[in-house]
Asks: 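Structure incoming, see below.
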Amino acid sequence: MHRKIEIIVNTSELAAGTRGSSLGPGAIMTAARKANNPYFGLYPLHPLPDYNGFLDQKNETEFAKNLLGFKLVFESVAEKTKDLLNKGSFPIILAGDHGSAAGTIAGIKAAYPEKRLGVVWIDAHGDLHSPYTTPSGNIHGMPLSLSLGNDNLAYQRNTPSGQTTGIWNDLKYKYTNAVKLNPSDLVFIGVRDTEFEENQLIAENNITNHTVEFVRKEGAEAIVQHVLKQLEACELIYVSFDVDSMDPEITSFGTGTPVGNGIFPEEAEEILTLLAKNPKTVCIEFVEVNPCLDNRVNAMAETAFSLLESVTAALKG
């Protein structure tokens, strides 16, 4: 099945805790150009507005840092994703931090409000915090909480301001007037660094996590079969790929929050390409390349570009 690929470039790093992921999409483009690969001349590119100037202003939302700017990022990602889906294209999103995914999920649901969405979250982290539970205030740890509409109030540790809760609640239901994702339609792959509050939410909602050990034992193809079986009732699938899902000793430490003992790039490639070939998959996102932190020059971006090429080839059939 041949897909009409268009690429959304979101350079926001407002949701990250370390600086530099805004340079990730450019680093991936640099990897292509260094290899004399014309990839980024082959598909329409849609650079989104850059709101990183909010990083130079005083943060007004303590338990959801840069939330005023993040709202603009969320809306721009959602609108562009919705527009591309509505015209029949397949969006590939290259984003800075993983906060972007909340906007992507909102955009998919805005384009297909009546369809059930499954999310495959390939990441070292659960990203299930809310302003009420976050230990850091960094929104890249919160996109799934937004999408699930679950603040996990039973384990509240923070008391966010009225301004914070007002914007947060608006984003939870924006474009849909309902939660965007059911916990049963969320599948983790490679998650291995979570906090107590996230663990409680995962346990209480029976959220599936295919651990690195399980990926290694079963093999990538079997893992994808498990995922697709679980998401059988979903009409759409979105794949969100954080490069920190991979083992930093093998790739590099060129990401904001590297965690040891991750999946291998070969496993990531097989999982991503098999998911890309599935006709239900409507959008794939790559996030959290940070060349400022790369201990091997631009190795993480080069790995990400290699994976992007493989995914694109699978999409084109």
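Position 1 is the first residue of the sequence; numbering continues from there.
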Asks: If only side-chain N and O atoms count, and only distance matters, is there a donor-acceptor pair under 3.5 Å linking N152 with S130?
Replies: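 No, no side-chain donor-acceptor pair sits under 3.5 Å.
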Asks: Is I263 reachable from W121 through a run of hydrophobic residues whose side-chain heavy atoms are each under 4.5 Å from the next?
Replies: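 No, it is not one cluster - the side chains of W121 and I263 are not joined through contacts under 4.5 Å.
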Asks: Could you go through the side chain to side chain contact (heavy atoms under 4.5 Å, CB included) check for N59 and F54 one step at a time?
Replies: CA-CA 8 Å; N59 175 53; F54 278 88; over 6 Å; no
Asks: Can you tell me which residue among E198, E195, E197, E204 is in a side-chain hydrogen bond (donor to acceptor under 3.5 Å, both in side chains) with Y155?
Replies: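 It is E204, the one option of E198, E195, E197, E204 that forms the side-chain hydrogen bond (donor to acceptor under 3.5 Å, both in side chains) with Y155.
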Asks: Take I139 and D97, measure what side chain to side chain contact (heavy atoms under 4.5 Å, CB included) needs, and give me the verdict at the end.
Replies: CA-CA 9 Å; I139 298 174; D97 67 66; over 6 Å; no
Asks: Could you tell me whether the side chains of N37 and E309 share a donor-acceptor contact shorter than 3.5 Å?
Replies: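 A pair is found: one side chain offers a donor N or O, the other an acceptor, under 3.5 Å apart.
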Asks: Applying the 4.5 Å side-chain criterion to the ILVMFWY set and letting contacts propagate, would L315 and F40 be lumped into a single cluster?
Replies: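 Shared cluster, yes.
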Asks: Kindly indicate whether the side chain of P47, heavy atoms from C-beta on, has any atom under 4.5 Å from the side chain of T11.
Replies: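 With C-beta onward as the side chain, the pair stays apart.
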Asks: Looking at OG of S240 and CD1 of I284, how far apart are the two atoms once the value is rounded to the nearest 0.5 Å?
Replies: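 Answer for the OG-CD1 pair, S240 versus I284, is 10.0 Å.
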Asks: Check whether the side chains of S21 and E13 place a donor and an acceptor atom closer than 3.5 Å, and report yes or no.
Replies: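 The answer is no; no qualifying pair exists.
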Asks: Could you see if L275 belongs to whatever hydrophobic cluster contains V282? Use Ile, Leu, Val, Met, Phe, Trp, Tyr and a side-chain cutoff under 4.5 Å.
Replies: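 As far as the 4.5 Å side-chain criterion goes, V282 and L275 are not connected within one cluster.
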Asks: Examine the side chains of D123 and H98 and answer whether a donor and an acceptor come within less than 3.5 Å of each other.
Replies: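 Yes, side-chain donor-acceptor contact under 3.5 Å.
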Asks: Is there a donor-acceptor pair closer than 3.5 Å between any side-chain N or O of N205 and the backbone N or O of I207?
Replies: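 Judged by distance alone, no pair lies under 3.5 Å.
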Asks: Has the side chain of K172 got a donor or acceptor atom that lies under 3.5 Å from a matching backbone atom of S145?
Replies: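 Looks like no, no N/O pair under 3.5 Å.
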Asks: Closest heavy-atom contact between G256 and N290?
Replies: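 Of all heavy-atom pairs spanning G256 and N290, the closest is N-CB, 4.2 Å.
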Asks: Do E79 and Y175 pair up side chain to side chain, a donor and an acceptor below 3.5 Å, judged on atom types alone?
Replies: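 Yes, a side-chain donor-acceptor pair sits under 3.5 Å.
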Asks: Given the rule that I, L, V, M, F, W and Y join up when any side-chain heavy atoms are under 4.5 Å apart, are Y112 and L117 in one cluster?
Replies: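 Looking at the clustering, L117 is in the same group as Y112.
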Asks: So does R216 pair up with E213, basic N to acidic O under 4.0 Å?
Replies: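 Salt bridge between R216 and E213, a charged N being under 4.0 Å from a carboxylate O: no.
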Asks: Report yes if some heavy atom in the side chain of F63 is under 4.5 Å from a heavy atom in the side chain of T133; otherwise report no.
Replies: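 Not in contact.
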Asks: Could you check E6 against K4 for salt bridge (Lys or Arg N to Asp or Glu O under 4.0 Å), going step by step and ending with a plain yes or no?
Replies: CA-CA 7 Å; E6 301 199 41; K4 184 179 186 302; 3.0 Å; yes
Asks: Answer yes or no: is there a donor N or O on one side and an acceptor on the other, between the side chain of D151 and the main chain of P131, under 3.5 Å?
Replies: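 Such a contact is absent between D151 side chain and P131 backbone.
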Asks: Closer than 3.5 angstrom, by distance alone: can the side chain of S306 be matched with the main-chain N or O of E302 as a donor-acceptor pair?
Replies: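 No; judged by distance alone, with no hydrogens or angles, the pair does not exist.
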Asks: Closer than 3.5 angstrom, by distance alone: can the side chain of D244 be matched with the main-chain N or O of A124 as a donor-acceptor pair?
Replies: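 Indeed, once roles are kept as given, a pair shorter than 3.5 Å links the two residues.
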Asks: Could you tell me whether the side chain of N158 and the main chain of T134 form a donor-acceptor pair under 3.5 Å?
Replies: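 Yes.
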Asks: Could you tell me if the side chain of F74 sits less than 4.5 Å from the side chain of L146, heavy atoms only?
Replies: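 Yes, close enough: below the 4.5 Å cut-off.
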Asks: Distance-only, no hydrogens or angles: does the T273 side chain make a donor-acceptor pair with backbone N or O of A314 under 3.5 Å?
Replies: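 No, the answer is negative, given that no donor and acceptor are paired below the 3.5 Å cut-off.
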Asks: Treating S100 as the side-chain partner and G96 as the backbone partner, does any N or O pair qualify as donor plus acceptor under 3.5 Å?
Replies: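 Not a single qualifying donor-acceptor pair exists.
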Asks: Give a yes or no on whether the backbone of S136 and the side-chain of K65 come within a donor-acceptor separation of less than 3.5 Å.
Replies: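 Such a contact is found between K65 side chain and S136 backbone.
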Asks: Before you tell me yes or no, could you show the steps for V119 and S147 under side chain to side chain contact (heavy atoms under 4.5 Å, CB included), namely the whole-Å CA-CA distance, both residues' side-chain angles and the distance that decides it to 0.1 Å?
Replies: CA-CA 10 Å; V119 171; S147 302; over 6 Å; no
Asks: Run the side chain to side chain contact (heavy atoms under 4.5 Å, CB included) test on V215 and F264 for me, step by step, so that the C-alpha distance in whole Å, both residues' side-chain angles and the decisive distance to 0.1 Å come before the verdict.
Replies: CA-CA 10 Å; V215 172; F264 299 147; over 6 Å; no
Asks: Mind checking the CD1-CG spacing from I237 to L231? Nearest 0.5 Å is all I need.
Replies: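 I237 CD1 to L231 CG: 5.0 Å, rounded to 0.5 Å.
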Asks: Side chains of Y39 and T312: do they bring a donor and an acceptor to under 3.5 Å?
Replies: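 Yes.
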Asks: Hey, can you tell me if F241 and F286 have their rings parallel, tilted or perpendicular (30° and 60° cut-offs)?
Replies: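 Rings of F241 and F286: perpendicular, over 60°.
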Asks: When hydrophobic residues are tied together by side-chain contacts of less than 4.5 Å, even through go-betweens, does I8 share a cluster with I108?
Replies: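 Unlinked, I8 and I108 end up in two clusters.
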Asks: Anything under 30° is parallel, anything over 60° is perpendicular, the rest tilted; go ahead and classify F214 against H210.
Replies: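 Ring orientation, 0 to 90° scale: parallel.
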Asks: With the side chain counted from C-beta on, respond yes when L171 and I167 share a heavy-atom pair under 4.5 Å apart, and no when they do not.
Replies: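 In contact.
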Asks: Applying the side-chain contact (heavy atoms from CB on, under 4.5 Å) criterion to N298, which one of I28, T30, T303 satisfies it?
Replies: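 Of all the options given, the one that passes is T30.
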Asks: Between the side chain of E249 and the main-chain N/O of N261, is any donor-acceptor distance below 3.5 Å?
Replies: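 No, E249 side chain to N261 backbone: no donor-acceptor pair under 3.5 Å.
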